[in-house]
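Every number for a ligand or one of its atoms is a count from 1 in the order of the listing.
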Amino acid sequence: MENYFEKILQNDSIPRQIRETVYSEMRHALEVSNIAVLISKELGKDEKFCDDIAVAGVLHDIGKLRVNRYVYSDDSDDTLVVEQMKYVRMHSAYSRDILTDEDYPVNIIEAVYHHHENYDGSGYPDGLKGNNIPEMSRILRTCDVFSALITDRSYRKAFDKKTAMAIMIDEVEDYDMEVFLAFQRVFHADDFPEIEKLQQDATELQMKHFNLFEKEAVSF
Ligand SMILES: [Fe+2]
Ligand SMILES: [Fe+2]
């Protein structure tokens with residue numbers, strides 16, 4: 001799938017300043033989607049659940065492209081950091097809005113909208129706690145944090161996989177324990193894929209839903 005993502009970097013219909021962002025968001029999305037499917041299978045979920053979470057994983061951060069639009073079109077610079085934080089936290093609501101406009105099933109929309117809720121109630125947008133958080137969101141949360149930790153950020157280098165896991169164990173109250181233990185089993189299995197594979201191997205179903213990234217990016 002590398003070629004498909006690489007093509008994004010050359011796609012002239014996507015504004016140059018966001019091409020890199022779209023490219024890395026797509027890789028993150030696929031990684032989250034792939035790990036979410038592995039955890040779901042480990043939890044014994046049926047095919048429908050696994051397909052739905054694969055789609056939710058691909059699209060969970062689609063609203064970030066809309067956040068970028070507002071941040072880039074904002075001329076003031078002093079307030080930018082604070083504003084950016086505020087906007088970034090809105091991305092799950094934008095994701096929900098985009099998926100609602102596209103007539104996605106309610107369970108996928110809900111899963112996406114709540115993917116930043118923490119099990120102890122400290123997350124957003126609604127501060128939901130425990131099993132009030134949709135199960136798919138609880139799975140996505142776990143995958144999302146892991147994916148973020150093993151990725152370079154502007155303010156730090158990527159952590160290696162083992163360190164990322166150790167950091168997550170330290171803040172384990174954020175996660176659903178049943179999900180987290182399933183993630184640990186998947187992670188420690190001999191066939192846990194290399195990061196590169198998690199960010200590149202896409203099924204037809206996942207690819208189909210990546211179209212929405214291009215649609216959002218082009219309408220930037
Ligand atoms: Fe997110
Ligand atoms: Fe994410």
Side-chain angles (χ1 to χ4, degrees), residues 5 8 18 20-40 52-71 83-100 102 104 107-128 133-156 158-159 161 164-165 167-168 171 174-176 179-180 183 186-187 195 198-202 206 209-210 212-214 216-217:
F5 290 159
I8 291 292
I18 66 158
E20 284 279 348
T21 309
V22 177
Y23 172 76
S24 48
E25 286 297 341
M26 283 173 124
R27 287 170 68 98
H28 164 69
L30 185 57
E31 183 166 65
V32 167
S33 176
N34 280 331
I35 301 174
V37 171
L38 291 175
I39 295 177
S40 299
D52 284 353
I53 205 164
V55 174
V58 165
L59 297 173
H60 74 283
D61 279 337
I62 187 85
K64 276 199 185 161
L65 300 184
R66 220 162 261 194
V67 172
N68 280 330
R69 186 181 316 176
Y70 298 125
V71 172
E83 286 291 295
Q84 241 166 347
M85 290 285 290
K86 201 173 82 191
Y87 283 130
V88 166
R89 277 174 163 252
M90 287 166 71
H91 78 276
S92 37
Y94 289 135
S95 294
R96 174 197 58 190
D97 296 347
I98 293 166
L99 299 196
T100 304
E102 297 285 332
Y104 272 83
N107 65 324
I108 292 182
I109 295 174
E110 286 283 295
V112 165
Y113 180 62
H114 291 292
H115 79 269
H116 278 280
E117 305 284 4
N118 288 329
Y119 203 72
D120 65 357
S122 63
Y124 64 89
D126 292 345
L128 295 186
I133 306 165
E135 187 176 21
M136 278 193 203
S137 310
R138 285 180 256 142
I139 298 172
L140 290 176
R141 181 84 192 113
T142 308
C143 308
D144 194 29
V145 172
F146 181 72
S147 172
L149 287 170
I150 59 172
T151 303
D152 283 333
R153 286 282 184 261
S154 53
Y155 50 89
R156 62 147 171 84
F159 294 102
K161 284 190 286 185
M165 180 54 93
I167 291 170
M168 289 182 76
E171 51 197 31
D174 285 355
Y175 316 110
D176 175 340
V179 170
F180 192 72
F183 175 49
V186 166
F187 177 82
I195 303 300
L198 288 168
Q199 296 184 348
Q200 278 174 29
D201 286 5
Q206 288 167 322
H209 294 274
F210 270 115
L212 206 47
F213 274 76
E214 273 175 277
E216 269 298 304

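The name of the N, O or S atom in His28 nearest to the Fe ion (ligand 2) is NE2.
Not counting sequence neighbours, Asp174 has no partner by the salt bridge (charged side-chain N to carboxylate O under 4.0 Å, His left out) test. For Glu110, there are no salt bridge (charged side-chain N to carboxylate O under 4.0 Å, His left out) partners, not counting sequence neighbours. Evaluation of the ring-ring contact (aromatic ring centres under 6.0 Å, His included) rule for His209 yields Tyr104 as partners, not counting sequence neighbours.
Sorted by chain and number, the protein atoms of type N, O or S within less than 2.8 Å of the Fe ion (ligand 1) are Asp61 OD1, His91 NE2, His115 NE2, His116 NE2.
Tested against Phe146, the residues Phe180, Phe183, Tyr175 include a single ring pair (Phe, Tyr, Trp, His ring centres under 6.0 Å) partner, Phe183. If you run side chain to side chain donor-acceptor pair (under 3.5 Å) between His60 and each of His28, Arg141, His91, only His28 comes through.
Between Glu31 and Ser147, the side chains place a donor N or O and an acceptor N or O closer than 3.5 Å (distance only, hydrogens not considered).
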